[in-house]
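Remarks on the structure that follows.
Source: prediction; values computed, not measured. The figures that follow rest on heavy atoms only: side chains count, while hydrogens, waters and symmetry mates do not.
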Amino acid sequence: MNQHRSQFRDELAIIPSVAVWVAVLAFVLVQVCLLGLAPHYIPNDLPPRPWLPFIAMVGGLFLGVIILLIGYVNADSKRRGMNSLLWTLLVIFVPKALGFLAYFLLRKPLLLPCPKCGTPVAADFVYCQKCGHSLRPFCCHCGRAITPDFICCPYCGKPAGAAVTQT
């Protein structure tokens with residue numbers, strides 16, 4: 001069995017179970033309203049009978065996907081250290097999916113845990129804001145930041161085998 005889950009599955013896993021249940025409930029309510037109640041109360045204003053199940057299915061799926069996206073934005077904004085209430089309300093009340101578009105264009109990068117204390121820090125931070133631990137190794141000769149896989153420092157040319165991470 002494949003032990004590696006896809007990144008898409010990992011992203012879907014952050015959707016809160018409450019949002020999944022609300023999406024399922026919304027789907028069922030659309031089916032009940034369009035297939036069960038509407039033919040009895042507004043029989044003359046409905047589309048042709050053969051099209052009604054298709055319209056109910058597409059409408060229910062559309063509403064369910066929107067609810068799942070709202071749940072995703074709420075959980076993802078918390079995970080990224082953003083104001084989740086603000087982004088959730090923005091996604092709900094800005095029309096024509098512009099709120100979703102704004103969120104996905106303006107969201108912050110994921111926070112990574114500090115290796116020393118576990119505090120979530122932004123990927124571009126050089127030091128942890130809580131414990132001061134250096135998050136990037138630097139050359140012990142010239143003091144400039146380098147990546148751990150460098151063999152020699154690209155700034156001073158000296159061997160980077162002595163690169164250290166300052167604590």
Side-chain angles (χ1 to χ4, degrees), residues 1-28 30 57-167:
M1 183 111 180
N2 188 1
Q3 296 200 9
H4 297 292
R5 291 174 41 174
S6 69
Q7 186 177 0
F8 182 70
R9 274 197 146 166
D10 291 340
E11 290 296 311
L12 284 180
I14 72 166
I15 297 174
S17 59
V18 171
V20 173
W21 284 107
V22 170
V24 169
L25 181 65
F27 178 80
V28 170
V30 167
M57 187 70 70
V58 170
L61 286 174
F62 182 74
L63 185 60
V65 166
I66 287 176
I67 292 170
L68 290 175
L69 275 172
I70 291 169
Y72 176 81
V73 166
N74 183 279
D76 189 53
S77 59
K78 286 178 189 172
R79 183 173 69 155
R80 294 173 186 272
M82 300 165 64
N83 187 338
S84 63
L85 177 64
L86 173 73
W87 280 107
T88 304
L89 291 174
L90 183 103
V91 162
I92 291 171
F93 291 115
V94 173
K96 298 183 181 176
L98 291 176
F100 289 114
L101 183 63
Y103 175 74
F104 287 112
L105 289 175
L106 299 173
R107 67 184 181 170
K108 293 179 182 177
L110 280 173
L111 300 177
L112 303 171
C114 170
K116 187 174 181 184
C117 68
T119 302
V121 293
D124 59 343
F125 282 10
V126 178
Y127 295 96
C128 174
Q129 70 267 19
K130 186 172 181 182
C131 69
H133 179 72
S134 176
L135 302 171
R136 295 198 183 139
F138 62 93
C139 176
C140 63
H141 302 287
C142 66
R144 298 189 71 176
I146 58 173
T147 60
D149 60 337
F150 282 177
I151 295 173
C152 69
C153 176
Y155 303 106
C156 68
K158 302 228 165 117
V164 294
T165 304
Q166 189 180 38
T167 57

Can you tell if the side chain of [X] reaches within under 4.5 Å of the side chain of [Y], non-hydrogen atoms only?
{"X": "Phe125", "Y": "Leu112", "answer": "no"}
{"X": "Leu61", "Y": "Phe27", "answer": "yes"}
{"X": "Trp87", "Y": "Asn74", "answer": "no"}
{"X": "Cys117", "Y": "Cys128", "answer": "yes"}
{"X": "Met82", "Y": "Tyr103", "answer": "yes"}
{"X": "Leu69", "Y": "Phe100", "answer": "yes"}
{"X": "Asn83", "Y": "Ser77", "answer": "no"}
{"X": "Pro115", "Y": "His133", "answer": "yes"}

Restricting to non-hydrogen atoms, name the atom on [X] and the atom on [Y] that form the minimum distance, rounded to 0.1 Å.
{"X": "Lys158", "Y": "His141", "result": "CB-CD2, 3.4 Å"}
{"X": "Ala102", "Y": "Leu90", "result": "CB-CD2, 4.4 Å"}
{"X": "Pro16", "Y": "Gly71", "result": "CD-O, 3.4 Å"}
{"X": "Ile67", "Y": "Ala19", "result": "CG2-O, 3.6 Å"}
{"X": "Lys108", "Y": "Gly81", "result": "NZ-O, 3.9 Å"}
{"X": "Gly59", "Y": "Val30", "result": "C-CG1, 4.1 Å"}

Can you tell me how far the [atom1] atom of [X] sits from the [atom2] atom of [Y], to the nearest 0.5 Å?
{"X": "Lys116", "Y": "Cys131", "atom1": "NZ", "atom2": "SG", "answer": "5.5 Å"}
{"X": "Lys96", "Y": "Leu101", "atom1": "NZ", "atom2": "CG", "answer": "13.5 Å"}
{"X": "Ile92", "Y": "Ile70", "atom1": "CD1", "atom2": "CD1", "answer": "4.5 Å"}

Exercise for the section: Sequence neighbours left out, what passes salt bridge (Lys or Arg N to Asp or Glu O under 4.0 Å) with Arg79? Give chain and number order. Expected result: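 Arg79 satisfies salt bridge (Lys or Arg N to Asp or Glu O under 4.0 Å) with Glu11, Asp76 only.
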Problem - Whether over 12 other heavy atoms sit under 6.0 Å from Phe62 CZ - result: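 Open.
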Practice task
Would you list the pairs meeting side-chain hydrogen bond (donor to acceptor under 3.5 Å, both in side chains) in which at least one residue belongs to residues 57-70, sequence neighbours left out?
Solution key: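 Sorted pair list comes back empty.
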